[in-house]
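Residue numbers begin at 1 in each chain, while the letters A, B, ... track the order of the sequences.
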Amino acid sequence: MSIEHRDDTGARFGMWLFLYTEVILFSGLFILYAMALSKFPQQFAEASHKLNIYFGSINTIVLLTSSLTIALAVTAIQRGRIRQTLILCGVTVALALLFLVNKYFEWSEEIGHGIYPGSEHLAEMGPGVTNFFNLYYFTAGLHGLHVFIGATLISIVAVLTAKGKVTSDRYTLLENSALYWHLVDLVWIFLFPLYYLIL
Amino acid sequence: MSEKTTYTGFWQESPRTGILGWLLTTDHKRIGILYLGCIITMFIVAAILGLAIRLELIAPGRTIMDAQTYNATFTVHGIIMIFMFLIPSIPAAFGNLLLPIHIGARDVSFPKLNLLSWYCYIVGGVLAVTSIFSGGGAPDTGWTFYVPFSTQTNTNVSLAAFAAFMLGFSSILTGINFVTTVHRLRCKGMKWGRLPLFVWTLYATAWIQVLATPMIGITLVLIILERTFGAGLFDVARGGDPILYQHLFWIYSHPAVYIMILPGMGVISEIIPTFSRKPLFGYWAMALSSLAIAFAGSLVWAHHMYASGMSDLAILIFSFLTFIVAIPSAIKVFNWVSTLYKGSIELAPPMLFALAFIFNFAIGGLGGLALGAAASDIHLHDTTFVVGHFHYVMFGGGGFALFAAMHYWLPKFTGRMYNHKMAVIGWALLFVGFNVTYMAMQAVGIMGMPRRYYDYIPEFTTLNLVSTIGSWVMAVGLIIMFANLWHGLRKGRPVGKNPWGGATLEWDIPSPPPMENFGEEDPVVTKGPYEFKGVVADEY
Amino acid sequence: MSEHTHEPVPYRTFILIWVALLILTGITIAVSRVHLGALNIWIALGVASIKSSLVIFVFMHLRQESKLFKIGLLVMLSILAIFIGFTFFDVLYR
């Protein structure tokens, strides 16, 4: 196109708007959670105890750290340090994969105990517990999907950076992927206490 | 095609030629035309289904289809009309065509995203049509996909829900694009106080699209997951709550009705001043009432649920809040009428559609108050009064606004004029047929006929017959209108750049507009959108 | 094009924020082991809000963005509060 128009602030603003839609998307599940919690406080606490707090805490640290590395990557590209940017992106993606591997082990353990949406064993534990785990699987699943998408995005941006398409002069793509990654982190910041730490 | 019938402007200029020049275009006008074509096609399909419903209801008992087909017909009619016609109609088609021109920009902020949004629409449309003919048969839940039926029926609900999800995504992308465009790409001198009202309403609509649509996304995903895993998220026995489904659904779907009507109000706010040759009465009241409607629209969703078994306190609060929405809507109607007062009114076809809009919208809006009041709603809930009411607002409002926009702006984009006499005949049939159809429907609803029922008691026969006759008058009107537009916009007399004497920016550029709207120089705006002094309409 | 780019945020700032986030995580875990009844959930949400503000304002550079971004966020959060809050009118009083 002959329209040579560049608007980095506009692009960032568009990304923020997109993040709003993501927040509202997750909020649907959080509404269901809030209503169920007010209905079954005891059962939710009981169900929360069945979740492995170590997996949850480690994953929290993993995600917070990955959020740090991608934030550092933005500063690195602004300063024109391409190699540092690539390393930081790489670390972020590695942490994302670590998160997913952790999640895999956690879910395998729970499914091994017969706890998964629609299972007989879950139904025997009563409506409150069933609802808790349904919501847990759907929310954490949707979040996991976002982790996967975010990691893919950052990998793509890293490749573009290596090819010189993303530079210290033109880095909106990296900035916006970083914003997306921080959103993934934000969702987890709420998800973690609400599902793992209810007493 | 002879030399005389070739279009110029953006129809000709394109970096790619032929069909790829359309399928891979990032030009907002071409995308608008693509949207318009799809939307009109979808409208015609769904209108035929609507006629079939009315024909089935012409007399008690079986007339043309069995009960299961009837359930599928009204469901598919609803899904197509809501998700594929009304929601994208004015924002995606005319918003794309006009928003950048109105603010003096050369395109939207994210042209590629704009094209992606059209492809999401196409994917959603194809999936929705596929869901009718595959799997366990067309969905039969009604467009609302209420649980528990939607998680249990064997029909193709999952695919239809996924189709609606894609259409929602398309709508979100359009919303993001428009909000950013209005903030970032206004030309020099285009202050907020100089934005045409159509831009204000599109802006308010775009915010609703961004902030409400994801809620229907997650709701539909949950329906699909429920059908796949059977988790019981909305099943009381397993700790779920079916009423919460209705909350999630209406948190989006109530604001969605403002996605459907607000841009229509914007169209009317453009047309009324032009054909009254008078500045719009109360510019800021109109602009801010658009934002107020968008905001208040997100406070009132549970007024669809008075009969669902939710708490009495919630009924009281939501009923009260519902009346608040009436205030900005009434401001709009008063200001349109005040603009007409002592104006030099010209009853051109777009103006006739605009006046019909005000008439229909006023009836629909007042009916809405009867439904918003909890006491009267208990009687009227789920009767054909509700069906009549929302057709008055959505079709008599949103639909007529789209037709008004087509008569007002399409000559701009094709450079040709349709036959006015035929347009008036089409309008008259449409207007009369519309009111006969839905007024009869409202009347029989007050008598107690439930909506979505296949059969009815003999007492309701006369009014149902009247309603069906009205639907055919409306159908003839639609055929005349579309035929006249199609013929006129391809073969009609060429028009100059300003056939109606409008004062907004689009009337300053050639018809059809060139590829980047404005020549070499970016436009500079020095006056408001409704200052008609010195504006002369071109002869045609 | 000065309007389009931010000053780079120093590494040190980000690392400090990260340390703060980890400390807050520790606090929220520790507090959750003490029985405080309904207060537990409010403390958990409060700490989570502080953590997310740190992420939003520093990691996501909102501090450096124009007013438009901040108003947008505020609008989104108010709408979110309405969606969640108004649903309670039904569920709590049924």
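Interface remark: of the candidates A:A178, A:S67, A:S27, A:S67 forms the most heavy-atom pairs closer than 4.5 Å to chain C. No other option in A:L179, A:L72, A:L194 has as many heavy-atom pairs under 4.5 Å with chain C as A:L72. Ranked by heavy-atom pairs under 4.5 Å with chain C, the list A:V74, A:L64, A:I77 is led by A:L64.
No hydrogens or angles considered: a donor-acceptor pair under 3.5 Å links the side chains of A:W188 and A:T60. With 3.5 Å as the limit, one finds a donor-acceptor pair spanning the side chains of A:T69 and A:T92.
Both the backbone and the side chain of C:T28 come within less than 4.5 Å of a heavy atom in chain A. Of the two parts of C:I29, the backbone and the side chain both hold a non-hydrogen atom closer than 4.5 Å to a non-hydrogen atom of chain A. For C:I15, the parts sitting under 4.5 Å from any heavy atom of chain A are the backbone and the side chain alike. Looking at C:L45, both its backbone and its side chain come within 4.5 Å of chain A, counting heavy atoms on both sides. Residue contact with chain A, scored on non-hydrogen atoms closer than 4.5 Å, involves the backbone and the side chain of C:L73 alike. Contact of C:V91 with chain A is made through the side chain alone, with heavy-atom distances under 4.5 Å. In this structure, chain A has no heavy atom under 4.5 Å from any part of C:S66.
Taking 4.0 Å as the cut-off between side-chain N and carboxylate O, C:E65 and C:K70 do not count as a salt-bridged pair. Contact check on C:D90 versus C:R94 returns a salt bridge, with a Lys/Arg side-chain nitrogen under 4.0 Å from an Asp/Glu carboxylate oxygen.
In this structure, the side chains of A:F105 and A:E110 stay at 4.5 Å or more apart for every pair of heavy atoms.
A cation-pi contact, defined as under 6.0 Å to the ring centre and within 45° of the axis, links A:R79 to C:Y11.
For a heavy-atom cut-off of 4.5 Å, chain C lies close to no residue in residues 156-169 of chain A.
Distance check, rounded to the nearest 0.5 Å: CZ of A:F26 to NE2 of A:H143 gives 6.0 Å.
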Legend entry - A:E109/A:E106 under side-chain contact (heavy atoms from CB on, under 4.5 Å): CA gap, chis, key distance, verdict: CA-CA 5 Å; A:E109 192 191 313; A:E106 186 188 357; 5.9 Å; no

